[in-house]
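All heavy atoms count here, side chains included; hydrogens, waters and symmetry mates do not. Chain identifiers are assigned alphabetically (A, B, ...) following the order of the sequence lines, protein sequences preceding nucleic acid strands; residue numbering begins at 1 within each chain. Nothing here was measured: the structure is a model prediction, and the numbers come from that model.
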There are 2 protein chains.
Amino acid sequence: MIESHMETQTQTHSQTRNALLERLSEPERRALFPSIELVEISPKEVVYAPRQALKYAYFPETCVMSKITVLEDGTEIEAATIGNEGMVGVPIILAAIDMPSKIVCQIGGTAWKVPAEELMQAMETNPEFSLVLKKYAQALFELLAQGTACNRLHTIEQRCARWLLSTHDRVEGDTFSLTHEFLATMLGVRRPGVSLVAKSLQDNGLVSYKHGRMTITNRHGLEGISCECYAAVRDNYGRLI
Amino acid sequence: MIESHMETQTQTHSQTRNALLERLSEPERRALFPSIELVEISPKEVVYAPRQALKYAYFPETCVMSKITVLEDGTEIEAATIGNEGMVGVPIILAAIDMPSKIVCQIGGTAWKVPAEELMQAMETNPEFSLVLKKYAQALFELLAQGTACNRLHTIEQRCARWLLSTHDRVEGDTFSLTHEFLATMLGVRRPGVSLVAKSLQDNGLVSYKHGRMTITNRHGLEGISCECYAAVRDNYGRLI
DNA sequence: CTTAGTTTGTTCGCTACCGAACAGACCGCA
DNA sequence: TGCGGTCTGTTCGGTAGCGAACAAACTAAG
């Protein structure tokens with residue numbers, strides 16, 4: 001449905017709006033991924049539950065997903081944000097059939113869905129694309145390493161700003177759906193903690209929000225508030241890809 | 001020097017005491033890694049500074065290394081522990097020429113040193129070994145994801161116990177060199193915080209220490225104190241390798 | 001054995017954040 | 001237009017851990 005809709009609007013998928021897929025020409029994409037499919041993913045949708053078989057990789061276009069660590073008591077906390085700059089399913093290229101993490105959709109939107117076998121086959125047949133995916137895996141690897149430091153050493157405000165910036169980078173426009181409750185879970189803090197910070201950001205004109213809609217009104221200001229982790233991760237990605 | 005010493009003691013290196021290298025037969029190892037070398041690494045030695053060219057991979061035998069995230073203000077904090085179960089240099093197999101993290105030796109000992117080119121070549125020529133390294137990369141990947149949650153949500157005591165257990169797994173015997181100061185840096189906390197916890201562990205007979213020497217006296221007890229992250233990471237490694 | 005350097009013990013006041021709870025505001029739906 | 005559910009504002013007391021500082025214990029080297 002979405003597929004045919006897009007067909008008429010774009011040049012028969014010559015644009016994927018995903019940084020990794022864009023490294024392939026349209027004929028290469030068609031050849032490597034005969035079963036590729038554009039799907040719509042809804043907010044809160046669980047794309048992969050822990051230990052669920054990794055049958056597909058997803059290359060986000062306009063959606064944003066999160067890699068979530070789930071603890072025994074059910075507590076969830078975000079480990080990584082994945083959007084149009086990357087892919088869900090790095091473990092597939094590392095020969096895993098499943099993973100302990102959970103993948104949840106943060107911000108609804110579209111993503112390209114590719115069967116795991118086709119992805120693995122593509123790694124074999126196309127060395128250039130294989131290289132791109134490996135470098136993305138490396139970027140994600142170092143993102144997680146930065147996250148361990150960030151979660152331990154930075155304040156809610158800093159991490160909140162970081163999260164807003166990296167989500168803003170991945171969505172269209174300046175407004176997206178986001179509740180304090182949800183952000184609190186992602187950051188691993190209490191909801192009132194986020195509310196307090198959010199109010200302060202709004203009072204300072206950096207963001208504006210109302211009942212589940214967040215708008216970034218001053219990116220530059222947020223960058224000043226954010227911890228260095230935002231820039232560190234972005235720059236490392238830029239160096240690699 | 002170490003090389004010739006070992007030659008006389010072991011069956012000409014038929015035993016590597018590294019879980020990953022052990023997946024190769026001795027002839028395979030000789031063929032794949034003509035330049036492999038057993039080296040001694042000293043405590044506190046910086047094996048890789050941030051952004052230093054990744055010329056060698058290291059497969060620890062008796063040493064224990066740490067992947068460290070370095071922040072702009074110079075603060076350091078451990079992201080992962082690497083010992084005889086794994087390797088230093090996963091980014092090499094992900095086509096990186098360097099990385100933002102730092103690699104430091106925690107506990108001195110021996111490691112097998114392999115030129116990056118030989119490792120990359122081995123990935124090409126030996127699919128089974130390539131698979132093992134990919135799976136280890138995946139294990140490390142999920143270890144970092146667990147670490148983001150752990151650093152945010154678990155107490156000093158829990159993380160302290162986790163660290164002691166995972167180091168204990170990687171060294172010979174129950175005693176190793178470790179100061180509170182050093183452990184505090186690894187965990188990203190103050191030194192008195194560690195001293196307090198350490199004293200409590202000692203009072204409860206779980207460990208015993210004096211002036212830079214730590215002895216694990218009750219592993220089982222430590223496992224009870226530790227957060228779930230120790231077991232989660234260990235089990236995930238076990239499933240993969 | 002002495003001394004200098006390292007390691008550990010312990011204290012202080014302070015702050016960020018927690019867990020819980022409740023009130024008010026907003027929004028979609030009947 | 002009102003009602004019920006969702007979202008945000010705000011408060012409370014409590015605690016884990018911070019930063020700084022200093023004292024005591026140990027150990028190695030001369």
Reading nucleotides 13-30 of chain D 5' to 3', which nucleotides get B (base under 4.0 Å from a protein heavy atom), which S (sugar-phosphate only), which -?
----SBBB-----BS---
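The structure places CD1 of B:Ile77 at 7.5 Å from CG of B:Leu187, a figure rounded to the nearest 0.5 Å. Separation of atoms SG (A:Cys160) and NE2 (A:His180) is listed at 8.0 Å; rounding is to 0.5 Å.
Between A:Tyr136 and A:Tyr237, the ring planes are perpendicular. Angles over 60° get that label, and only those under 30° would be called parallel. Between A:Tyr58 and A:Tyr48, the ring planes lie perpendicular to each other; the angle is over 60°, past the 30° to 60° tilted range.
Direction of the helix axis in the helix from C:dC1-D:dG30 to C:dA30-D:dT1 shifts by 30° between the two five-pair termini, rounded to 10°.
For the residue pair B:Thr215 / B:Ser208, no side-chain donor-acceptor distance below 3.5 Å is found, with atom types taken as modelled. Under 3.5 Å, the side chains of A:Glu61 and A:Trp112 contain a donor-acceptor pair of N or O atoms. The closest side-chain donor-acceptor pair between A:Thr16 and A:Asn18, if any, does not fall under 3.5 angstrom.
At a threshold of 4.0 Å, the pair A:Lys113-A:Glu40 does not count as salt-bridged, since none of the basic side-chain nitrogens sits closer than that to a carboxylate oxygen. A salt bridge links A:Arg17 and A:Glu172; the closest N-O separation between the charged side-chain nitrogens and carboxylate oxygens is under 4.0 Å.
Among residue pairs with one or both ends in residues 178-198 of chain A, none qualify as salt bridge (charged side-chain N to carboxylate O under 4.0 Å, His left out); sequence neighbours excluded. Every pair passing salt bridge (charged side-chain N to carboxylate O under 4.0 Å, His left out) that includes a residue from residues 153-169 of chain B is listed here, sequence neighbours excluded: B:Asp169-B:Arg219.
Taking the ring centre of B:Phe182 as origin, the terminal cationic atom of B:Lys44 falls inside the region bounded by 6.0 Å and 45° from the ring axis.
Boundaries of the chain A contact region on DNA chain C are C:dC17 to C:dC27, first to last in 5' to 3' order (nucleotide atom under 4.0 Å from a heavy atom).
For DNA chain D, the residues of residues 200-209 of chain A within the heavy-atom distance limit of 4.0 Å (strictly under) are A:Tyr209, sorted by number.
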